[in-house]
Amino acid sequence: MADTTFTHSPPTGRVLALCGGVGGAKLARGLNAILPNPGQLVLAVNTGDDFEHLGLTICPDLDSVLYGLAGKNDEERGWGRANETWHCMEALKEIGGADWFALGDRDLAIHIERSHLLRSGLTLGQVTARFCEQLGVPAQMIPMTNDPVRTIVKTEEGDLAFQDYFVRRRTEPKVTGIKYAGADVARPHPVLMDCLADDTLEAVIICPSNPQLSIDPILALPGVRQALRDVRAPVIVVSPLIGGRAVKGPAAKIMAELQISVDSSGIAQTYLDLLDALVIDSEDAADARHLPVPALVTPTLMRSLEDSARLASRTLAFAQSLRQDASTSSHVAAGR
Ligand code: FO1
C-alpha cells in the first residue's frame, strides 16, 4: 500500500502504543502531537530495563518517553535530558563511585524524586502519572506493570543484567537468549488490559522499538499476548529496521545473533501471531510483496518532531483504512 493520509477525521477513540527506548520515544512524540485530547493516547512502556543503581530506581525507557513528550530529551544521545551537565558524575568519580552509568545533573532529579515517592508507598504508575502532570504531558503514560521485571541477557559470557550488557559491556557479548525475570508473576498495568478489552479502541501501535529488548518484555506479561491476539482494533507494527539496519541501538545485531532474519519479514515473523499489518520504510518497499500481512510503505526515519508526527499520522490513517476494510471483508485478520 502506498502512503496514506486520513480519509476522514483523526481518530477520536483511544490509541494504545507499546514502546520503549529511543525509537519508541520518537514515535510516541509524534502520536502525542497529533492526538491532543488528554488520555486519548495510552503509552505502555517497557520497564524490563529498570534497575537499582546508587540506591536509586532508574527507569530508562519511561524517562526516554517522558522527556521526549515533554520536549526535554537530548536528541543526539537519544536518552537523558537536553542541556545536561555532569558535575555530580565527575565528583562521584573523584571519590571512587560507580561512573559507568552516566547520570546527568538534571536527569538525577527524576531518579531521586521517583525513588523517594516509591519509598513513600506510591506505585510506579502513580509516580509516572505525577511526572506527566508536572511536565504537561497530555498522554496517559503507564509502566507495563507496577511489579518488578528485569531483562536478563543470556550471552556466550554468561547471563548479564540488562544495563551491564547494554551500557557496561556496550552490547558486545554475543546474545544466545533473553529472559524477563519476574514477568511470569507480574500483573500487567490495569490500564493496559482495559485498553485491550476496549471495543472502541482505534488501534494498537507497536512502536519501532527493539523487539527483543523493549517489546517482548511487555508481551511476556501474563495475558498480554493473548489479549493482543484477541483485540478488535488493528495491531500495527512499525518496523525498527531500515535497509536491514537499526536506526540506533543493537536490534539488528541481536536479531542476527538469535538467527532471526534482519529485515521486514523477520519483524513480521516475530509478531506473526498478533499483528495485522506492518509499516516499513520506503527503502524496504520491495519487501512488501513477500510479507504475510498488508504493509504501509512510507519514510520511517524520524529526525524531527515533524517526521514523527507525519509517521504517526500515516500509521493512524493506515489503521483507519484497515478498520474500514475489516468492516467490509475479513482482510484485517490475515496475520492472526
Ligand atoms: N545509555 C548508555 O549507553 N550509557 C549511559 O551511560 C546511559 C545512561 C543513562 C542514564 C539514564 C537513562 O535514563 C538512560 C541511560 N542510558 C545510557 C540509556 C539506557 O541505558 C538505554 O537507552 C535503555 O535502557 C535501552 O532502551
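Just follow the structure's listing: the first ligand is 1, and inside any ligand the first atom is 1.
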Relative to the heavy atoms of [X], which atoms of ligand 1 are at a distance of less than 4.0 Å?
{"X": "Asp49", "answer": "23 (C), 24 (O), 25 (C), 26 (O)"}
{"X": "Gly21", "answer": "26 (O)"}
{"X": "Phe162", "answer": "24 (O)"}
{"X": "Ala102", "answer": "5 (C), 6 (O), 8 (C), 9 (C), 10 (C)"}

Tell me which protein heavy atom sits closest to [atom], plus the residue, atom name and distance to 0.1 Å.
{"atom": "atom 12 (C) of ligand 1", "value": "Pro60 CB, 4.0 Å"}
{"atom": "atom 26 (O) of ligand 1", "value": "Asp61 OD1, 2.8 Å"}
{"atom": "atom 9 (C) of ligand 1", "value": "Phe101 CZ, 3.2 Å"}
{"atom": "atom 3 (O) of ligand 1", "value": "Val167 CG2, 3.8 Å"}
{"atom": "atom 21 (C) of ligand 1", "value": "Phe166 CE2, 3.6 Å"}

Where on Asp107 is there a heavy atom closer than 4.0 Å to ligand 1, on the side chain, on the backbone, on both, or on neither?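 The answer is the side chain of Asp107.
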
Pro294 vs Leu322 side-chain heavy atoms within contact, under 4.5 Å: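 Yes. Closest side-chain heavy atoms under 4.5 Å.
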
Would you indicate which of Trp79, Tyr67, Trp100 comes nearest to atom 7 (C) of ligand 1 when only heavy atoms are counted?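 Considering heavy atoms of Trp79, Tyr67, Trp100, the nearest to atom 7 (C) of ligand 1 sits in Trp79.
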
Determine whether a donor-acceptor pair (N or O, by modelled atom type, separation under 3.5 Å) exists between the side chain of [X] and the backbone of [Y].
{"X": "Ser209", "Y": "Ile215", "value": "no"}
{"X": "Gln320", "Y": "Glu202", "value": "no"}
{"X": "Arg170", "Y": "Glu172", "value": "no"}
{"X": "Thr85", "Y": "Asp105", "value": "no"}
{"X": "Asp49", "Y": "Pro60", "value": "no"}

Checking Tyr67 against Asp74: is there a side-chain donor and acceptor pair closer than 3.5 Å?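 Side chains of Asp74 and Tyr67: no pair found under 3.5 Å.
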
Should Asp159 and Lys154 count as an ion pair when the cut-off is N to O under 4.0 Å?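 So Asp159 does not pair with Lys154 through a salt bridge.
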
Please confirm whether Gln163 comes within less than 3.5 Å of ligand 1 when only nitrogen or oxygen atoms on both sides are compared.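 Such a contact does occur with ligand 1.
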
